[in-house]
Peer 1: 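One structure follows; several queries about it will come next.
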Amino acid sequence: MPRPDLTLAIVDDDEAVRDALSALFEAEGYPVATYPSAGAFLAAGADAIPGCVIADINMPGMTGLELQADLARRGCPLPMIILTGQGDVPKAVTALKAGAVDFIEKPFTVDALVRAVETAMDRSGHTLRHQARAEAARGRLDSLSVREREVMDLLVAGHPNKVIAWKLGISARTVENHRAKVMEKTGCDNVPALIHLSLEAAG
């Protein structure tokens, strides 16, 4: 099912293609935004909008492959679907190797394109969920004091209380108190749960 928080961006210099794809996917229930060029897409800040991108492989100025490479350099997680003309298959293979969800050769079938968008949106939704978990985990860790975070880091590294006390120059009893506070603030019941939280926060 389409999600209202995920937008399908259509980047193609052919107005007829943009209009046709926009009508198709709006009828499928997707929020859609169209752009006549990769430059217009980037200028609008659309790379920061969660969802996926359908881009033509050959466009004036920045091509679809160049847009894909630019987004990769920016660390942008938007999944891409590349539209290709006949004879562009070698380029499309390059796009797939660079992480594109799929390449669809023109003239394309509606079913193939819809399936590719569904796959891309599933990937984007997974990324959003992962980011949300990481942010929530970082929020829980941010509640710790500097000393509590030091104790937590050593706990996660596998050190027992006595070693932590020695490393930090504090008593074992003080370590126990900090450890209890760490567990209380993070909502963790044990060290394995704390390790899991730390990994989630790291993304």
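In this text the structure is predicted, and so the values were computed from the model without any measurement.
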Peer 1: Using side-chain heavy atoms (C-beta onward) and a distance below 4.5 Å, is His126 in contact with Arg123?
Peer 2: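 His126 does not reach Arg123 side chain to side chain.
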
Peer 1: Just by modelled atom types, is the Leu144 backbone N or O under 3.5 Å from a matching donor or acceptor in the Arg149 side chain?
Peer 2: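 Judged by distance alone, no pair lies under 3.5 Å.
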
Peer 1: With clusters defined by side-chain heavy atoms of hydrophobic residues (ILVMFWY) lying less than 4.5 Å apart, directly or transitively, does Val163 cluster with Val151?
Peer 2: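 The answer is no; the residues belong to distinct hydrophobic clusters.
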
Peer 1: Checking the side chain of Arg18 only, and the main-chain atoms of Thr34 only, is there a donor and an acceptor separated by less than 3.5 Å?
Peer 2: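 Side chain of Arg18 to backbone of Thr34: no pair is present.
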
Peer 1: By side-chain contact (heavy atoms from CB on, under 4.5 Å), which residues pair with Thr174, not counting sequence neighbours?
Peer 2: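 Testing Thr174 for side-chain contact (heavy atoms from CB on, under 4.5 Å), a comparison that skips the adjacent residues, returns Ile170, Ser171, His178.
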
Peer 1: Are Ile104 and Val110 linked, directly or through intermediate hydrophobic residues, by side-chain heavy-atom contacts shorter than 4.5 Å (ILVMFWY only)?
Peer 2: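 Yes: a chain of side-chain contacts under 4.5 Å links Val110 to Ile104.
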
Peer 1: For Arg74, is there an ion pair with Asp70 - N to carboxylate O distance below 4.0 angstrom?
Peer 2: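 Looking at Asp70 and Arg74, the cut-off is met.
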
Peer 1: CD/Glu148 to OG/Ser143 distance, rounded to the nearest 0.5 angstrom?
Peer 2: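 It is 7.5 Å, given to the nearest 0.5 Å.
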
Peer 1: Could you tell me which non-hydrogen atom of Asp56 sits nearest to which non-hydrogen atom of Leu83, and how far apart they are?
Peer 2: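 That closest heavy-atom pairing would be OD1-O, 3.5 Å.
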
Peer 1: Determine the minimum heavy-atom distance between Pro60 and Asp13, stating which atoms define it.
Peer 2: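 Closest approach of Pro60 to Asp13, heavy atoms only: CD-OD2, 3.5 Å.
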
Peer 1: Looking at Met80 and Gly64, what are the two nearest heavy atoms and their distance?
Peer 2: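 Closest pair (atom of Met80, atom of Gly64, distance): CE-O, 4.0 Å.
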
Peer 1: Please walk me through it: do Asp102 and Thr119 pass side-chain contact (heavy atoms from CB on, under 4.5 Å)?
Peer 2: CA-CA 9 Å; Asp102 204 350; Thr119 299; over 6 Å; no

Peer 1: Hey, could you give me the CE/OG distance between Met62 and Ser37, rounded to the nearest 0.5 Å?
Peer 2: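 Taking CE in Met62 and OG in Ser37, the distance rounds to 9.0 Å.
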
Peer 1: Would you name the heavy atoms of Ser145 and Lys185 that are closest together and state the gap between them?
Peer 2: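 Residues Ser145 and Lys185, closest heavy atoms: N-NZ, 4.2 Å.
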
Peer 1: Kindly determine whether Phe25 and Ile54 satisfy side-chain contact (heavy atoms from CB on, under 4.5 Å), including the steps that lead there.
Peer 2: CA-CA 11 Å; Phe25 284 102; Ile54 296 176; 4.0 Å; yes

Peer 1: Between Glu200 (side chain only) and Leu197 (backbone N and O only), is there a donor and an acceptor less than 3.5 Å apart?
Peer 2: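 Not a single qualifying donor-acceptor pair exists.
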
Peer 1: To check you understand the geometry: which heavy-atom pair defines the closest contact between Met152 and Leu194, and what is its length?
Peer 2: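 Looking at all heavy atoms of both residues, the closest pair is CG-CD2, 3.4 Å.
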
Peer 1: Specify the closest pair of heavy atoms between Gln131 and Pro77, including all atoms of both residues, with the distance to one decimal.
Peer 2: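 Nearest heavy atoms, Gln131 then Pro77: NE2-CG, 4.2 Å.
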
Peer 1: Please step through salt bridge (charged side-chain N to carboxylate O under 4.0 Å, His left out) for the pair Arg115 and Glu118, ending with a clear verdict.
Peer 2: CA-CA 5 Å; Arg115 284 195 302 271; Glu118 288 173 347; over 6 Å; no

Peer 1: Going through the distances and angles, do Met183 and Val191 end up as a side-chain contact (heavy atoms from CB on, under 4.5 Å)?
Peer 2: CA-CA 9 Å; Met183 297 301 183; Val191 173; 4.1 Å; yes

Peer 1: May I ask you to test the Leu21-Leu113 pair for a side-chain heavy-atom distance under 4.5 Å?
Peer 2: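 A side-chain contact exists here, since the closest heavy-atom pair is under 4.5 Å.
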
Peer 1: Roughly how far, to the nearest 0.5 Å, is CG of Asp5 from CE of Met121?
Peer 2: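 Nearest 0.5 Å value for the CE-CG distance: 9.5 Å.
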
Peer 1: Is a side-chain N or O of Glu176 found less than 3.5 angstrom from the main chain of Arg173, in a donor-acceptor match?
Peer 2: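 Pair absent, no side-chain N/O of Glu176 close to backbone of Arg173.
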
Peer 1: Just to verify, which of Leu67, Leu71, Val53 counts as forming a side-chain contact (heavy atoms from CB on, under 4.5 Å) with Asp47?
Peer 2: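 Result for side-chain contact (heavy atoms from CB on, under 4.5 Å) with Asp47: Leu71.
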
Peer 1: Tell me whether Ser124 contacts the main-chain N or O of Ala120 through its side chain, where contact means a donor paired with an acceptor under 3.5 Å.
Peer 2: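 Not at all, since once roles are kept as given, no pair shorter than 3.5 Å links the two residues.
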
Peer 1: Hey, any chance Ile49 and Tyr30 share a hydrophobic cluster, counting ILVMFWY side chains that come within less than 4.5 Å of each other, even indirectly?
Peer 2: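 No; tracing contacts between hydrophobic side chains, which count when under 4.5 Å, never links both residues.
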
Peer 1: Within this structure, what is the OH-CG distance for the pair Tyr35 and Asp12, rounded to the nearest 0.5 Å?
Peer 2: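 So the OH of Tyr35 and the CG of Asp12 are separated by 14.0 Å.
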
Peer 1: For Ser22, which of Val32, Leu8, Val17 qualifies under side-chain contact (heavy atoms from CB on, under 4.5 Å)?
Peer 2: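 That would be Val32; it is the only one of Val32, Leu8, Val17 passing the side-chain contact (heavy atoms from CB on, under 4.5 Å) with Ser22.
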
Peer 1: How many angstroms lie between SG in Cys52 and CG in Leu78, if you round to the nearest 0.5 Å?
Peer 2: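 It comes to 8.0 Å.
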
Peer 1: Nearest 0.5 Å, please: how far is CZ in Arg179 from CG in Leu155?
Peer 2: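 Reported to 0.5 Å precision, the distance equals 5.0 Å.
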
Peer 1: For the hydrophobic clusters of this structure (ILVMFWY residues joined by side-chain heavy atoms under 4.5 Å, transitively), does one cluster hold both Leu154 and Trp166?
Peer 2: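 In one cluster with Leu154: Trp166, no.
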
